[in-house]
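Just so it is clear, the model here is predicted, and its values are computed rather than measured. Worth knowing before you read on, the calculation uses all heavy atoms, side chains too, and leaves out hydrogens, waters and symmetry mates.
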Amino acid sequence: YQRRVHGDPNKGFTLTFHFPAGNPFFTNTELTKKYHLDDEDDILLDKAEGCEINWLDGKDVTVVMKKKKQRHKGGKSVRTVTKAEKCDSFFNFFSPPQIPDDDDDDDESNEDMDELEDQVEADYEVGRAIKDKIIPRAVDWFTGEAVTTMQFAMRDGDNDDESGSDGPPKQPTQQDCKQQ
């Protein structure tokens with residue numbers, strides 16, 4: 001459950017997701033993500049901070065356990081090795097990519113830094129979309145009204161970003177409902 005966004009919008013914002021006690025996957029009752037904006041420029045992201053998720057044993061959905069067989073060098077015996085590999089999950093949102101300090105830049109190639117900056121920018125865009133588009137219309141998303149509105153907008157070539165409308169979804173007109 002996402003219940004609040006708080007903070008000075010000129011200095012950043014915090015998204016707080018609430019979960020019931022007794023969650024079968026982790027012990028946290030709140031997961032937070034903080035976005036800090038640059039003091040000099042109110043639209044540039046300075047850094048993002050996630051929170052640590054206290055997963056219950058065997059319940060971490062951000063990793064998948066893979067078993068691989070390995071032969072010993074010079075021998076015929078085989079052993080099984082289990083490795084944890086990251087996988088796609090909503091909960092990776094709480095572990096944002098971090099840009100290294102200026103002192104650490106020598107270790108990163110320009111291509112790696114460009115990719116990291118793209119990841120940071122994408123992460124910030126997801127946070128802004130949650131804050132600006134999903135939370136204000138949470139009831140519409142829950143009831144499916146927002147999806148219906150998006151389908152009409154996509155069919156008509158409209159885009160919420162262009163219209164600037166954060167109000168309730170428009171009701172389809174008689175013309176919108178016509179079969180083609």
Aromatic contact, Phe25 with Phe91 (centres under 6.0 Å): no
CD1 on Ile130 to CZ on Phe13, rounded to 0.5 Å: 8.5 Å
Crowding at CD, Glu111 (>12 non-hydrogen neighbours, <6.0 Å): no
From OH (Tyr35) to CG (Leu45), nearest 0.5 Å: 8.0 Å
Point-to-point distance, once rounded to the nearest 0.5 Å, from CZ of Phe19 to CD of Glu30: 10.0 Å
Hydrophobic cluster membership, Val126 vs Phe90, 4.5 Å side-chain cutoff: yes
Nearest heavy atoms of Tyr124 and Leu37, plus distance in Å: OH-CD2, 3.5 Å
Closest non-hydrogen atom pair, Lys69 against Val78: CB-CG1, 3.8 Å
Inter- and intrachain pairs under salt bridge (charged side-chain N to carboxylate O under 4.0 Å, His left out), touching residues 116-125, at least two apart: Lys33-Asp123
Using atom types as modelled, flag every donor-acceptor pair under 3.5 Å from a side chain in residues 48-65 to any protein atom, sequence neighbours excluded.
{"unit_1": "Glu49", "atom_1": "OE2", "unit_2": "His36", "atom_2": "NE2", "d": "2.7"}
{"unit_1": "Trp55", "atom_1": "NE1", "unit_2": "Asp60", "atom_2": "OD1", "d": "3.4"}
{"unit_1": "Asp60", "atom_1": "OD1", "unit_2": "Thr62", "atom_2": "N", "d": "2.8"}
{"unit_1": "Asp60", "atom_1": "OD1", "unit_2": "Thr62", "atom_2": "OG1", "d": "2.5"}
{"unit_1": "Asp60", "atom_1": "OD2", "unit_2": "Thr62", "atom_2": "OG1", "d": "3.4"}

Separation between NE2 of His18 and OG1 of Thr32, rounded to the nearest 0.5 Å: 10.0 Å
Separation between OG1 of Thr16 and NZ of Lys34, rounded to the nearest 0.5 Å: 8.5 Å
